[in-house]
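Per chain, numbering begins at 1; letters A, B, ... match sequence-line order.
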Amino acid sequence: MIEEKIKNLDLEDLLYEVELPLSHVLMKMEQRGIRLDVDFLKTISVDLTQRAKELEKECHELAGMEFNLSSPKQLQHILFEKLELPTSVSRKTKTGFSTDQSVLERLAPLHLLPNRILEHRELNKLLGTYVNALPELVNPDTGRVHTSYLQTVAATGRLASANPNLQNIPIRTERGAEIRKAFIPEDGHSLVSIDYSQIELRMMAHLSGDEALIEAFQQGEDIHISTAAKIFNVKPEEVTKEQRSGVKQVNYGVLFGMREFGLSQRMGISIQEAREFIEGYFGAFPGVKRYIDHLLEDSRKTGMVKTVLGRRRPLPELQSSNRNLVQSGERMAIASAVQGSAADLIKLAMLKLDADIDREQLPYSMLLQVHDELIFEVPEGEEEDSISWIKQRMESAMTLKVPIVADAGYGKNWLEAH
DNA sequence: GCATGATGC
DNA sequence: AGCATCATGC
């Protein structure tokens, strides 16, 4: 029996106190939806389509022939055979040489074509996945888009969002970020966005109990600067931008179980330098090293990894005789413990927020969850009050060994609120 | 249906 | 380098 199995795996609290009640909260969020400014997207679409056409023409001229810019196979032929650009910067895929972003960036100094392809890919992605696709998904009855939240597809316990996926709306590039302006509040309302600050690193500090990392968070300073100061044994004000940026990548690399090779690829440094970076990190934060060693040992024995709320992820890879499979399983174990525990935290916050909004009969609507961020719709004039009310609950959803901090903003669209 | 490459956290 | 979804080519 399934109930018997849940009881035996000690998953009763997670199911009955978290996931099932959460399903009701998610249903309300899906039904409420979020308003979309379709006219605004139509305007963007015209501009982007025009520019994409120009780029297509230019690419054909640069290549000396017509080809499908969206076909990696055809592009591979143009770049590496027709134009004879070096394949040395490209890794091998099953079908030949890769033409992904990192490869095109490395080819850019040698020829104009790679840059134009990069821009064209960005525009095509924006048009196909967001600008042209989102208006099709507006419900004519509500004038809003209604995503579906999936509770059972992510191995870590994170939520997923589909049809449309509102958890991967662009923000990084200027053109992409424009799309967020199309997500708007109901008349007389504002959008409020509150996101956890560096929640996964804080979770690592909590899980590992590393004294130096905990101390760094308790100081409330820029975590990447304080870790850089610790690793390089200098004062925080002496940390260079380059040092901070390197340490930031290592900080996040630790969460994903990075190894020398991965870090060297990512940072564009030698494997030897990457090894020194990682040794420096674990030297400065020995508690993190001990935690990871213990987690991996424990996961290997039990064949699974658990989050703070006891959510389980089976990892049979750890018991494989294939070294690559084991190493991949080890990265999954580390990532799952951290990511899954952060997912546990925001789920508790969502339950508390929903219950208190109901109990106090507040006019706040929870609209979206984006892993470490919640977006609400609140009446105009109540932005500041709602922010402190929500922030307080998000920051106290669990008690960790480090402070939990959430940053907030509000505005007349999602970009402004972020 | 798989491979590739884009987007997000 | 971990976790996802979506579009496109073939």
Whole Å only: how far is the OH atom of Tyr130(A) from the P atom of dT7(B)? 8 Å
To the nearest Å, how far apart are Glu119(A) CD and dG5(B) C1'? 17 Å
Glu200(A) atom CD is separated from dG8(B) atom P, nearest whole Å, by 16 Å
For Arg331(A), answer base if it contacts any base atom (sugar-phosphate contacts may also be present), sugar-phosphate if it contacts only those atoms, and nothing otherwise; contact means non-hydrogen atoms under 4.0 Å. sugar-phosphate
Which two nucleotides bound the region of DNA chain C that has atoms under 4.0 Å from heavy atoms of chain A, read 5' to 3'? dA1(C) to dC10(C)
Does Ile169(A) reach a base, just sugar-phosphate, or nothing at all? Heavy atoms under 4.0 Å. sugar-phosphate
For DNA chain C, find the residues of residues 257-268 of chain A with a heavy-atom distance under 4.0 Å and give them by number; none if there aren't any. Met258(A), Gly262(A), Arg266(A)
Determine the contact category for Asn124(A): base if any of its heavy atoms lies under 4.0 Å from a base atom, sugar-phosphate if only primed atoms, P, OP1 or OP2 are that close, otherwise nothing. nothing
What is the distance, rounded to the nearest whole Å, between atom NZ of Lys125(A) and atom C1' of dG8(B)? 10 Å
Please tell me which of Thr156(A) and Asn163(A) maps to the more 5' nucleotide of DNA chain C, matching each residue to the nucleotide holding its nearest heavy atom. Thr156(A)
With sugar-phosphate meaning primed atoms plus P, OP1 and OP2, does Val153(A) contact a base, only sugar-phosphate, or nothing at under 4.0 Å between heavy atoms? sugar-phosphate
Look at all strands and tell whether Ser336(A) reaches a base, only sugar-phosphate, or nothing, counting heavy atoms closer than 4.0 Å. nothing
Could you tell me whether Ile334(A) contacts a base, only the sugar-phosphate backbone, or nothing, with contacts defined as non-hydrogen atoms closer than 4.0 Å? nothing
Inspect the contact between Glu122(A) and Arg172(A) and indicate whether a charged nitrogen and a carboxylate oxygen are less than 4.0 angstrom apart. no
So, are Arg91(A) and Asp100(A) salt-bridged, with charged N and O less than 4.0 Å apart? yes
Starting at CZ of Phe97(A) and ending at P of dG5(B), how long is that distance when rounded to a whole Å? 13 Å
His60(A) NE2: over 12 foreign heavy atoms closer than 6.0 Å: yes
Any donor-acceptor pair under 3.5 Å linking the side-chain atoms of Asn163(A) with those of Ser148(A)? no
Ignoring backbone atoms, establish whether Thr95(A) has a side-chain N or O less than 4.0 Å from OP1 or OP2 of dT4(B). yes
Rounded to the nearest Å, what distance is computed from the CZ atom of residue Arg175(A) to the C1' atom of nucleotide dA6(B)? 15 Å
Using distance alone, with no hydrogens and no angle criterion, decide if Ser226(A) and Glu221(A) have a side-chain donor and acceptor under 3.5 Å apart. no
Taking every heavy atom of Ile292(A) against every heavy atom of Ile334(A), the minimum-distance pair comes out as CG2-CD1, 3.7 Å
Spacing between Glu373(A) atom CD and dG8(B) atom C1', to the nearest angstrom: 10 Å
Between Thr129(A) and dT7(B), is there a side-chain N or O to OP1/OP2 distance below 4.0 Å? no
Is the backbone N or O of Gly96(A) less than 3.5 Å from a side-chain atom of Gln76(A), with the two atoms forming a donor-acceptor pair by type? no
Rounded to whole angstroms, how far apart are CG on Leu123(A) and P on dG5(B)? 18 Å
Considering every strand and a 4.0 Å limit on heavy-atom distances, what is the contact class for Gly128(A): base, sugar-phosphate, or nothing? sugar-phosphate
When you look at NZ of Lys73(A), are more than 12 heavy atoms from neighbouring residues, nucleotides or ligands closer to it than 6.0 Å? no
Judged by modelled atom types alone, do Gln151(A) and Ser23(A) share a side-chain donor-acceptor pair under 3.5 Å? no
SB check Glu279(A) Arg275(A) (cutoff 4.0 Å): no
Verify the distance criterion only: is there a donor paired with an acceptor across the side chains of Thr302(A) and Arg312(A) at less than 3.5 Å? no
Do we see a donor-acceptor contact under 3.5 Å between the side chains of Ser98(A) and Lys92(A)? no
With a 4.0 Å limit, can you tell me whether Arg91(A) has a side-chain N or O closer than that to the phosphate oxygens OP1/OP2 of dG5(B)? yes
Ala342(A) near the nucleic acid: base, sugar-phosphate alone, or nothing, with a heavy-atom cut-off under 4.0 Å? nothing
Expected list for residues 35-64 of chain A near DNA chain B, using heavy atoms below 4.0 Å, is none
Kindly check if the number of other-residue, nucleotide or ligand heavy atoms within 6.0 Å of OH (Tyr16(A)) is above 12? yes
